[in-house]
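This report concerns only the one structure given below.
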Protein chains: 2
Amino acid sequence: MIRKRGQVVADKILDTAERLFFKQGYNVTGINQVVEEADIAKASLYKHFESKTDLLLAYLQRTHERWFDRLGDDVNKIADPKEKLLTLFDYHRERQLKNGYNGCRFIKANDEAGMSDERVLAEIQKAKQHLKDFIAELVVNSGHQKLLTDKELTGLIFMMLEGGIVAASIFKQADDLQSARAIIQKLL
Amino acid sequence: MIRKRGQVVADKILDTAERLFFKQGYNVTGINQVVEEADIAKASLYKHFESKTDLLLAYLQRTHERWFDRLGDDVNKIADPKEKLLTLFDYHRERQLKNGYNGCRFIKANDEAGMSDERVLAEIQKAKQHLKDFIAELVVNSGHQKLLTDKELTGLIFMMLEGGIVAASIFKQADDLQSARAIIQKLL
DNA sequence: TATTAAATATACAGACTTGTATATTTAATA
DNA sequence: TATTAAATATACAAGTCTGTATATTTAATA
């Protein structure tokens, strides 16, 4: 496969934007810093992305795809339908460990730009709804004991994942996510 | 009680900062906008608060106090120990309705400034730990059925509150918080 | 090899950022 | 009423922000 020049540059820009937006935050990361650290020309950035907001959107879209690809890989490795649900917590926990308890890219983007740009909000909603739907399907197929309804269990797991990540990014440890796993295990 | 001039000005500054930091975000709110909308002089702001970060800290501290005062009032009105726990969800839900699903002030501040200023992070951790401790005490006194341990139930409620607020601020509705209440009711 | 598209370097516009400095006016207190 | 502290208006420094413009160099393709 031939790799186009444009691809390489766009990827360098997105890689750098992702790193900086996630670690420092979107609003405190200037275009000039992205340009400098990506080692590309500013005109190239604005040829690939119309504005800083468009760069944020592209970053969110790519994150959405990659995040679910990795999650799907993890879940597919597991046969037991209840274990599939529990691995959601492992996945979240491992990712928090890996990225230094930086929290969730979508929640962060929502808190920084979600209230001022509806395209950004829509992208974040799409990703979170995707997660909810993904959980819902696993719940339906889990054969859980029906102490809670399918809908309740789905909402419970979703909220514990979101709350667990938030707790991780505030307290800088993933104990809550581990505890969440044990709780869900009892309720399955 | 005599009201000092300094008090009035500081309050006007804090009121405006709170409104703007919460609605727009901390990083996109300039000192000049706070000065203009609070209708005070810039020198007055810097006489009361050493820096913009100190203003953020003062805002977080005041929010911490007021938020728990109101919560305490709500909980004290209720006699039944299990209902005390359930009212946590009502409180969170009502506040989300009231402020237009803007999410949590502490989570927002954490995502905007928590990773670059350790004083800000410490203030946020203090508030969230306070909430966790508050829940823990209610759980101990709740006489719940011990399907989960006290510690597990505390963590569960904490995570559902955090996750429920995050969901509210992303999806612009508080259905999850209402569902969370029903779930906890089943587990009590 | 000639043409075309992509990426580059550099400079700049115009607005905004936090924080400081200075001089003046207001209001509370002794 | 005289003194003192608080708040004000205004200007400014030095830097940053997003986005554009221009001219040049690189590399892929026909």
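Below, chain A is the first sequence line, B the second, and so on; all start at residue 1. Owing to the predicted nature of the structure, the values given are computational and were not obtained by experimental measurement.
The separation between B:Y46 atom OH and D:dC12 atom C1' is 14 Å, rounded to whole Å. Following rounding to the nearest Å, B:K47 (NZ) and C:dG19 (P) show an atom-to-atom distance of 17 Å. One interatomic measurement links the two molecules: CG of A:N27 to P of D:dT16, which rounds to 17 Å at whole-angstrom precision. Remark: P of C:dT18 and CD of B:Q33 are 10 Å apart, rounded to the nearest angstrom. One can place CD1 of A:I13 at 8 Å from P of C:dA7, the figure rounded to the nearest angstrom. Look at CG on B:D39: it is 20 Å from P on D:dA6, rounded to the nearest Å. Remark: P of C:dT18 and NZ of B:K42 are 8 Å apart, rounded to the nearest angstrom. Note: CG (B:N32) to P (D:dC17) measures 17 Å, nearest angstrom.
With rounding to the nearest 0.5 angstrom, the CZ atom of A:F158 is 11.5 Å from the CE atom of B:M160. Distance check: A:L85 CG to A:R181 CZ gives 10.5 Å after rounding to the nearest 0.5 Å. Rounding to the nearest 0.5 Å gives a distance of 8.5 Å between CD1 of A:I170 and CG of B:L121. Here the straight-line distance linking atom CD1 of A:I124 with atom CD1 of A:I107 works out to 9.5 Å at 0.5 Å rounding.
Contact of A:K52 with D:dG19 (side chain to base): no donor-acceptor pair of N or O atoms is detected under 3.5 Å.
A residue-by-residue look at A:E50 and A:V28 shows that A:V28 has its nearest nucleotide of DNA chain D further toward the 5' end.
Aromatic ring centroids of A:F68 and A:H64 lie under 6.0 Å apart. For B:W67 and B:H130, the gap between ring centers reaches or exceeds 6.0 Å.
Hydrophobic clustering (ILVMFWY, side-chain heavy atoms < 4.5 Å, transitive): A:I184 and A:L147 are in one cluster.
Contact check, A:H48 against C:dA6: no side-chain N or O comes under 4.0 Å of OP1 or OP2.
Among the protein residues, B:T29 comes within range of the sugar-phosphate backbone only, with heavy atoms under 4.0 Å from sugar or phosphate atoms but none that close to a base.
Here the side chain of B:A43 is nearest to one of D:dT8, C:dG19, C:dA9, namely D:dT8.
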Pairing pattern in dot-bracket form [Watson-Crick, G-U; both distances under 3.5 Å; | = partner strand] for DNA chain C:
||||||||||||||||||||||||||||||
